[in-house]
Amino acid sequence: MSNSAKLSTHGDDYDYPVLSGSVGPDVIDIRKLYAQTGQFTFDPGFTSTASCESAITYIDGDEGVLLHRGYPIGQLAEHSSFMETSYLLLNGELPDKDQLGDFTRTITRHTMLHEQLATFYRGFRRDAHPMAIMCGVVGALSAFYHDSTDIADPVHRRISSHRLIAKMPTIAAMAYKYSVGQPFVYPDNSLSYTGNFLRMTFGVPAEKYEVNPVVERALDRIFILHADHEQNASTSTVRLAGSSGANPFACIAAGIACLWGPAHGGANEAALNMLHEIGTPDRIPHFIERAKDKNDPFRLMGFGHRVYKNYDPRATVMQQTVREVFAALKVSDPVFEVALQLEEMALNDPYFIEKKLFPNVDFYSGVILSAIGFPTTMFTALFALARTVGWVAQWNEMISDPAQKIGRPRQLYTGHTERNYVPLDKR
Ligand code: ACO
């Protein structure tokens with residue numbers, strides 16, 4: 001196989017090296033292209049662009065494969081815990097027993113927020129979206145934890161990463177508590193990461209809160225499924241923000257803002273709203289027709305993915321988890337039936353087959369989060385909580401990369417060429 005790519009432009013020939021990763025498509029190294037040819041590449045949406053080198057997560061979208069540090073997501077979801085997967089993403093290897101114990105203790109000891117941050121919440125309207133609060137409060141962390149913002153210092157980087165992972169459940173739970181007018185519940189470090197989050201969200205000071213182990217395990221698994229996903233929009237945002245040397249709290253706040261959009265993390269909220277709007281299986285064909293109609297902006301939320309052109313492996317685990325939680329809690333929800341039938345109908349429809357549109361992780365996550373008791377507005381906040389470990393792992397990898405530079409794309413300019421200013425009375 002050739003290890004260089006040839007380019008002919010303006011009558012000249014150029015050779016560019018072709019680099020191979022450990023698995024996945026080769027990449028053409030065009031770093032010298034502009035210097036040599038005076039031309040840029042044009043790739044809006046980055047559909048053909050590898051923006052960095054990374055050893056954290058691998059996706060084969062055609063085969064529906066997702067690996068974290070080489071381990072398949074299905075195995076991690078079945079056998080691992082969110083704490084263990086977090087250690088793996090951050091450090092590259094699965095921990096031994098002592099390493100896992102130390103890591104869990106470290107994260108547990110950082111769960112509390114600076115007390116003054118509670119007053120920050122009170123500045124928000126009660127009906128503020130939790131993601132609006134998350135963007136603000138996480139950005140504000142840099143004003144409270146100056147002692148870990150020297151990004152050139154690996155110890156600072158480690159401490160700020162641990163703080164972010166540890167404090168995110170507290171921040172998300174407080175956003176929820178504020179919206180329902182209940183008192184904030186402090187962390188209880190005798191509980192697991194996920195059990196603690198459940199108690200801070202659903203517990204009240206007046207009563208003892210018992211963590212339901214089935215719900216705890218299901219939510220922990222949902223966190224594993226959302227922990228990282230290669231160079232998606234929010235992760236790329238974190239990397240781009242971090243490439244300027246911004247502190248990690250500011251970078252993660254930028255990632256949260258990007259995740260909020262309905263084409264990304266906001267899709268879980270949108271997917272459940274859609275299933276409720278459909279309401280009953282007999283209305284599914286109408287919505288499928290709408291999704292196929294080019295003149296209708298409606299899309300099947302929770303369907304389709306930029307990278308997966310096959311079943312999203314996270315959706316498979318998510319569907320199983322819905323069944324487990326429903327069985328354990330002895331509940332059912334008609335929207336799950338609507339979701340199952342919608343999936344079946346769409347997967348047999350030529351439009352979805354031809355465009356390779358399959359359910360993604362968000363298709364079933366709303367059903368299960370709703371069964372656990374979370375309001376739809378919290379769904380994306382939970383995604384942000386879980387994705388924080390991926391963001392900090394990718395941010396750390398970038399800062400430690402000697403090839404790292406500030407991210408600065410160029411453009412194809414189509415505006416006016418130079419022209420003279422016209423005074424107001426002459427326009
Ligand atoms: N319903 C109907 N048609 C769709 C859908 C959908 N959900 N998704 C894509 N299509 C169609 C598009 O109309 C387009 O058709 P065309 O080629 O005739 O113009 C074609 O499939 C390709 O779609 P693009 O938008 O070009 O694909 P892209 O890779 O840019 O978008 C995205 C991927 C944003 C996820 C898209 O599939 C979508 O909007 N899905 C719904 C939102 C969603 O579920 N997002 C969650 C993604 S997963 C995550 O962030 C965790």
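Both backbone and side-chain heavy atoms feed into the values below; hydrogens, waters and symmetry mates do not. As the structure is a computational prediction, the values presented were derived from the model and not from experiment. All residue numbers in this chain count up from 1 along the given sequence. In listed order, ligands and their atoms are each counted from 1.
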Atom 35 (C) of ligand 1 has as its nearest protein heavy atom G304 O, 3.6 Å
Does CG in L94 sit with more than 12 non-hydrogen atoms of other residues, nucleotides or ligands closer than 6.0 Å?
yes
Under-4.0 Å salt bridge between R221 and E324
yes
Which atoms of ligand 1 have any heavy atom of G302 under 4.0 Å away?
43 (C), 44 (O)
Looking at Y178, is R122 sitting on its ring face, NZ or CZ under 6.0 Å from the six-membered ring centre and within 45 degrees of the normal?
no
Count the heavy atoms belonging to other residues, nucleotides or ligands that lie under 6.0 Å from OH of Y311, then report whether that count exceeds 12.
yes
Heavy-atom nearest option to atom 3 (N) of ligand 1, drawn from Y308, Y351, F303
Y351
Closer than 4.0 Å: a protein non-hydrogen atom to atom 47 (C) of ligand 1:
yes
Do K330 and F326 meet the cation-pi criteria used here (NZ or CZ under 6.0 Å from the six-membered ring centre, within 45° of the axis)?
no
Closest to atom 15 (O) of ligand 1 among R299, K294, H305 (heavy-atom distance)
K294
One should read off an interatomic distance between I165 CD1 and Y87 OH, to the nearest 0.5 angstrom, of 12.5 Å
Is there any N or O on L300 that sits under 3.5 Å from an N or O of ligand 1?
yes
Looking at atom 42 (C) of ligand 1, what's its closest protein heavy atom, distance included?
M301 CE, 3.4 Å
Evaluating non-hydrogen atoms only, which member of T380, L357, D296, I288 is closest to atom 4 (C) of ligand 1?
L357
Looking only at distances, can you tell me whether any N or O atom of R314, backbone or side chain, sits closer than 3.5 Å to an N or O atom of ligand 1?
no
Not counting sequence neighbours, which residues clear salt bridge (Lys or Arg N to Asp or Glu O under 4.0 Å) with R314? List them please.
D312
Which of the numbered atoms in ligand 1 are below 4.0 angstrom from a heavy atom of A291?
2 (C)
By number and element, which atoms of ligand 1 are closer than 4.0 Å to a non-hydrogen atom of K355?
11 (C), 15 (O), 16 (P), 17 (O), 18 (O), 20 (C), 21 (O)
Return the orientation label for the Y308 and H305 ring planes: parallel under 30°, perpendicular over 60°, tilted otherwise.
tilted
Are any of the N or O atoms of F352 closer than 3.5 Å to those of ligand 1?
no
May I ask you to list the atoms of ligand 1 that are less than 4.0 angstrom from any heavy atom of R306?
28 (P), 29 (O), 30 (O), 33 (C)
I'd like to check which ligand 1 atoms, numbered from 1 as shown, lie under 4.0 Å from a non-hydrogen atom of F383.
51 (C)
Using a cut-off of 6.0 Å, state whether more than 12 heavy atoms not belonging to Y351 lie near its atom OH.
yes
Looking only at distance, does A263 have an N or O less than 3.5 Å from an N or O of ligand 1?
yes
Can you tell me if CZ on R290 sees more than 12 non-hydrogen neighbours from other groups inside 6.0 Å?
yes
Using 30° and 60° as the class boundaries, would you call the ring planes of F303 and F363 parallel, tilted or perpendicular?
perpendicular
Note: ligand 1 atoms sitting under 4.0 Å from heavy atoms of D362 are 46 (C), 48 (S), 49 (C), 51 (C)
Quick check with a 6.0 Å cut-off and a 45 degree axis cone: is R410 positioned over the face of F40's six-membered ring?
no
Can you check whether a protein heavy atom sits less than 4.0 angstrom from atom 39 (O) of ligand 1?
yes
Are there protein heavy-atom neighbours of atom 30 (O) of ligand 1 below 4.0 Å?
yes
protein heavy-atom neighbour closest to atom 50 (O) of ligand 1 works out as H264 ND1, 3.0 Å
What atoms of ligand 1 come closer than 4.0 angstrom to any heavy atom of A267?
43 (C), 44 (O), 45 (N), 46 (C)
